[in-house]
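Read through the structure below, which is laid out as structure tokens, and then see the notes.
So that the names make sense, note that chain A is the first sequence line, chain B the second, and so on, each numbered from 1.
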2 protein chains.
Amino acid sequence: MATEPTWSVGQLAQEFGISTRSIRFYEEKGLIKPARSNGGYRRYNKRDRARLKLILRGKRFGLSLEQCADILGLAAMEPDEAQQLRKALAYGQDIQADLERRLNDLKAMKREMQAVEKRMRERLAQLEGREPDAGKRAE
Amino acid sequence: MATEPTWSVGQLAQEFGISTRSIRFYEEKGLIKPARSNGGYRRYNKRDRARLKLILRGKRFGLSLEQCADILGLAAMEPDEAQQLRKALAYGQDIQADLERRLNDLKAMKREMQAVEKRMRERLAQLEGREPDAGKRAE
DNA sequence: ATTAACGTTAACGTTAGCGTTAAAGTAGCA
DNA sequence: TGCTACTTTAACGCTAACGTTAACGTTAAT
């Protein structure tokens, strides 16, 4: 007879390392809608928890809450019509294309950082290997 | 005798699809410092242009301007001391670790989106393949 | 020399994403 | 039953990253 497990704001906040204010803010913006206890306390179930997780992951790589909301909308949708489904699919592909672009940016960024690192390492080796007044190259 | 090519704010703004206000804002925050014409107009050279590019790429995947500034600082630094170099290296590695985390988040996100897409496609196939009153599953 | 297109600074306005505080109610344990 | 920790709504505050407007100077082409 085990009832579904639920959590309070505070518990989720602690678990995910964010403030209760943030979680309530996501609700203000329509991203989560937890049930309420008799006294009016928010009670989050597994699905609510999963949504929160998705939001946080989205935010971690720069999605706005609005974009997160869109994705949540897709994930939660109860499709009654093929039309709607097709629209959602198209939108989902836009998002995936965006993800692809971001992934490429990320990779480019990594390459640049590695190049910078290499230059720094070389220069450091020079300094430590003693080349007192050596390198004064114009770039 | 070809002088270095330079650009105006407007030209760069158009090229990169952003507002001139944004570019000037980056300057306010110390991210770029273009030369000036006699009349006081900003003239951007190749290096300025490259910096702007890096900023935009950084922003595209969620870096703050401050973080972009840090990276630009690393890239542009003229290291006089091994100490400084080592600090910069350590910082650069922090950034790379962060990039790594973001990359993983991104991949997870892609997987989820693909799962959503798959579910939608299946449902769509059902609808189009005619199963009039078939599926009414509680989740 | 005029003029349209572009640029300048300065200042205020706006949106997202929370932080913070206040004033009050609730949960649950001794 | 009382205590303490947690929760509620409401409202104000704050920073980043620009948008917008005003009032005015510069360029470049005709």
Remember a base hit wins even if backbone is also touched, and classify B:Ser37 as base, sugar-phosphate or nothing at under 4.0 Å, heavy atoms.
sugar-phosphate
Tested for side chain to side chain donor-acceptor pair (under 3.5 Å) against A:Thr6, the lone hit among A:Lys46, A:Arg49, A:Arg43 is A:Arg43
DNA chain D: B:Arg43 or B:Lys29, which has the more 5' nearest nucleotide?
B:Lys29
Report the residue (A:Arg36 or B:Gly40) whose heavy-atom-nearest nucleotide on DNA chain D is the more 5′ of the two.
A:Arg36
B:Tyr26 side chain N/O closer than 4.0 Å to the phosphate oxygens (OP1, OP2) of D:dA17?
no
With a cut-off of less than 4.0 Å, is there a side-chain N or O of B:Thr20 near OP1 or OP2 of C:dC6?
no
What's the CD1-P distance between A:Ile32 and C:dG17, to the nearest Å?
14 Å
Are any of the side-chain nitrogens in A:Arg51 or A:Glu27 under 4.0 Å away from the carboxylate oxygens of its partner?
no
A:Phe25 CZ to D:dT8 P: how many Å, rounded?
17 Å
Should B:Arg47 and B:Glu4 count as an ion pair when the cut-off is N to O under 4.0 Å?
no
Do the side chains of A:Glu15 and A:Gln11 get nearer than 4.5 Å, heavy atoms only?
no
In whole angstroms, the gap separating P of D:dA16 from CZ of B:Arg21 amounts to 14 Å
Distance, rounded to the nearest Å, where B:Ile18 contributes CD1 and D:dA17 contributes P:
13 Å
Look at the side chain of B:Arg42 and the base of C:dT8, then say whether one donor and one acceptor between them are separated by less than 3.5 Å.
no
Measuring to OP1 and OP2 of D:dT7, would you say a side-chain N or O of A:Ser8 lies under 4.0 angstrom away?
yes
Are any of B:Ser19's side-chain N or O atoms less than 4.0 Å away from OP1 or OP2 of D:dG19?
yes
How close or far is atom P of D:dA16 from atom CG of B:Asp70, stated in whole angstroms?
13 Å
How long is the line joining CD of B:Gln67 and P of D:dA16, in whole Å?
12 Å
